[in-house]
Amino acid sequence: MKSTRGLQLAFRIYKRSHHHSVGIIGAPFSKGQPRDGVERGPDLIRSAGLVEKLKAQGCDVKDYGNLMFEEFSSDEPISRVKRPRAVGRANERLAGAVEEVKKEGRTCVMLGGDHSLAIGSIHGHAAAQKDLSVVWVDAHADINTPLTSPTGNVHGQPMSYLIRELHSKIPVIPNFSWIKPCVSAKDVVYIGLRDVDPEEHYILKYLGIKVFSMTDVDHLGIARVMEETCDHMFSKVKKPIHLSYDIDALDPSISPATGTPVIGGLTYREGVYVTEHICQTGLLSALDMVEVNPKRGKTEEEVRSTVSAAVDLVLGCFGRLREGNHRADYRMPEP
């Protein structure tokens with residue numbers, strides 16, 4: 001009986017992997033945080049064979065290339081928000097691009113860049129497909145408002161601009177006026193949190209957002225966490241899923257080349273299991289893969305490991321069977 005169930009599950013995953021229509025957008029943007037290098041993420045992930053490997057899994061893949069972003073000679077902070085003009089304009093551009101990919105009927109894969117880009121990615125997704133569920137896999141909650149942020153870096157704030165219940169807490173910011181909150185707090189689930197600011201703790205509790213910290217992952221196990229995640233998201237209506245995956249959700253032993261690593265993260269197996277489970281729902285509609293930063297790796301091996309993990313996470317979202325695959329091949333390209 002057990003082996004029969006396993007065969008049925010494998011067959012379901014195999015079937016799904018053969019009708020995914022994928023659209024890839026590169027977003028080489030770093031202004032949502034202070035460390036350069038993260039803008040190289042999209043090209044590094046592609047150079048590790050992402051498109052070819054997706055096609056080998058049976059996916060129909062269209063790579064839309066990298067977006068170009070406007071430079072601002074003067075971009076002074078507003079209400080403690082750093083580089084608001086660049087971040088606002090970049091996300092507006094990204095939102096339009098994601099909306100177009102969704103209108104073409106493809107699952108959108110946004111390769112970052114830093115996590116401030118989730119503003120545009122989720123906003124564009126919601127513009128094309130109403131009523132989303134958001135699964136946010138990250139060491140950090142990224143739900144500080146402009147008024148609570150201790151750093152002013154927007155990569156620590158994106159969710160606050162998107163959640164309807166926080167709309168009244170967001171001040172007027174240049175180039176952010178186009179943003180309309182598009183996600184309800186009840187439709188958000190966090191997985192992997194382990195470095196959350198006190199103000200963020202309060203916001204999460206106040207809004208009643210479902211959170212699985214690393215303590216919960218340790219206690220429940222990743223399979224139970226994913227079961228409860230889906231039970232929560234699909235308790236009433238099954239909505240399209242936007243999976244926003246920060247590579248720092250994984251433990252730094254696996255993905256050290258990232259801007260804000262925090263020890264005690266998801267193992268490789270746990271991280272990939274999240275993607276496999278989301279794939280099995282058949283409801284994945286868009287994916288962010290962000291915060292790969294080669295300049296934060298101390299060695300080429302650290303960069304290789306981080307990039308390979310990012311590729312494998314994307315592949316897991318589209319039906320990759322671990323039994324028949326090896327880690328992504330990777331060679332460090334020239335800058």
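All of these numbers come straight from a predicted model, not from anything done at the bench.
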Task: Step-by-step side-chain hydrogen bond (donor to acceptor under 3.5 Å, both in side chains) determination, Y64 to E104 - done: CA-CA 12 Å; Y64 293 78; E104 290 187 14; 2.6 Å; yes
Open item on the list: Would you say the ring centers of Y161 and F176 fall short of 6.0 Å from each other?
Closed with: yes
Open item on the list: Using a 6.0 Å cut-off, check whether atom CZ of R164 has over 12 heavy atoms from anything other than its own residue.
Closed with: yes
Open item on the list: Looking at I263, I'd like to know if its CD1 atom is crowded, meaning that more than 12 non-hydrogen atoms belonging to other residues, nucleotides or ligands lie closer than 6.0 Å.
Closed with: no
- [ ] Indicate yes or no for a side-chain donor-acceptor contact from Y190 to the backbone of A141 under 3.5 Å, with no hydrogens or angles considered.
- [x] yes
Open item on the list: If you define the side chain from C-beta out and look only at heavy atoms, does anything of L287 sit under 4.5 Å from M110?
Closed with: no
Task: P261 backbone acceptor or donor facing T258 side chain under 3.5 Å - done: no
Task: Straight-line distance of T281 OG1 to I278 CD1, nearest 0.5 Å - done: 5.5 Å
- [ ] Go through the steps for H277 and T229 under the test side-chain hydrogen bond (donor to acceptor under 3.5 Å, both in side chains), then give the verdict.
- [x] CA-CA 10 Å; H277 199 96; T229 292; over 6 Å; no
Task: Test side-chain hydrogen bond (donor to acceptor under 3.5 Å, both in side chains) applied to H155 and D142, step by step - done: CA-CA 7 Å; H155 79 156; D142 294 349; over 6 Å; no
Task: For D36, salt bridge (Lys or Arg N to Asp or Glu O under 4.0 Å) partners two or more places apart - done: K295
Task: Side chain proximity check, T148 to E200, heavy atoms < 4.5 angstrom - done: no
- [ ] Look only at the side chain of T306 and the backbone of A257, and say whether a donor-acceptor pair between them is shorter than 3.5 Å.
- [x] yes
Scan the side chains in residues 127-135 for donor-acceptor partners under 3.5 Å anywhere in the protein, sequence neighbours excluded, and list what turns up.
| unit_1 | atom_1 | unit_2 | atom_2 | d |
| --- | --- | --- | --- | --- |
| Q129 | OE1 | S285 | OG | 2.7 |

Open item on the list: Between S79 (side chain only) and V81 (backbone N and O only), is there a donor and an acceptor less than 3.5 Å apart?
Closed with: no
Open item on the list: Under a 3.5 Å distance rule, please check whether R320 uses its side chain to pair with a backbone N or O of K53 as donor and acceptor.
Closed with: no
Task: N/O donor-acceptor pair under 3.5 Å between D251 side chain and S253 backbone - done: yes
- [ ] Report yes or no: does E270 contribute a side-chain atom to a donor-acceptor pair with the main-chain N or O of T267 at less than 3.5 Å?
- [x] yes
- [ ] For the residue pair V262 and D248, establish whether any side-chain heavy-atom pair is separated by less than 4.5 Å.
- [x] no
Open item on the list: Is there a side chain to side chain contact (heavy atoms under 4.5 Å, CB included) between L54 and I24? Walk through the geometry before answering.
Closed with: CA-CA 11 Å; L54 284 170; I24 297 174; 4.1 Å; yes
Open item on the list: Please determine whether side chain to side chain contact (heavy atoms under 4.5 Å, CB included) holds for the pair V22 and D63, giving the CA-CA distance in whole Å, both sets of side-chain angles, and the decisive distance to 0.1 Å.
Closed with: CA-CA 8 Å; V22 181; D63 190 344; over 6 Å; no
TODO: Just grab all the side chain to side chain donor-acceptor pair (under 3.5 Å) pairs involving residues 82-95, residues at least two apart or on different chains.
DONE: E70-R89, D75-R85, R89-N175
Task: Expected output: side-chain S121 to main-chain A118 donor-acceptor under 3.5 Å - done: no
Task: R304/E300 ion pair, N-O < 4.0 Å - done: no
Open item on the list: Test side-chain hydrogen bond (donor to acceptor under 3.5 Å, both in side chains) on N144 and S149; report intermediate values, then the result.
Closed with: CA-CA 5 Å; N144 270 303; S149 172; 5.0 Å; no
Open item on the list: Let's go through Y245 and D138 carefully: what are the C-alpha distance in whole Å and the side-chain angles of both, what is the deciding distance for side chain to side chain contact (heavy atoms under 4.5 Å, CB included) to 0.1 Å, and is it a yes or a no?
Closed with: CA-CA 6 Å; Y245 213 125; D138 201 328; over 6 Å; no
Open item on the list: I'd like to know if E52 pairs up with R46 as an ion pair, taking the criterion as any Lys NZ or Arg NE/NH1/NH2 lying under 4.0 Å from an Asp or Glu carboxylate oxygen.
Closed with: no
Open item on the list: For F234, I'd like to know if atom CZ has over 12 heavy atoms of other residues, nucleotides or ligands within 6.0 Å.
Closed with: yes
Task: Whether S184 side chain and K186 backbone form a donor-acceptor pair below 3.5 Å - done: no
- [ ] Kindly say whether E199 contributes a backbone atom to a donor-acceptor pair with the side chain of D197 at under 3.5 angstrom?
- [x] no
Open item on the list: Using ring centroids (six-membered ring only for Trp), state whether H123 and W178 fall under 6.0 Å.
Closed with: yes
Open item on the list: Does this structure show an ion pair linking R106 with D60, if we count only N-O contacts that are shorter than 4.0 Å?
Closed with: yes
Open item on the list: Please evaluate residues H140 and T260 with respect to the criterion side chain to side chain contact (heavy atoms under 4.5 Å, CB included), reporting the C-alpha separation (whole Å), side-chain torsions for both, the decisive distance (0.1 Å), and the verdict.
Closed with: CA-CA 9 Å; H140 311 88; T260 50; 3.2 Å; yes
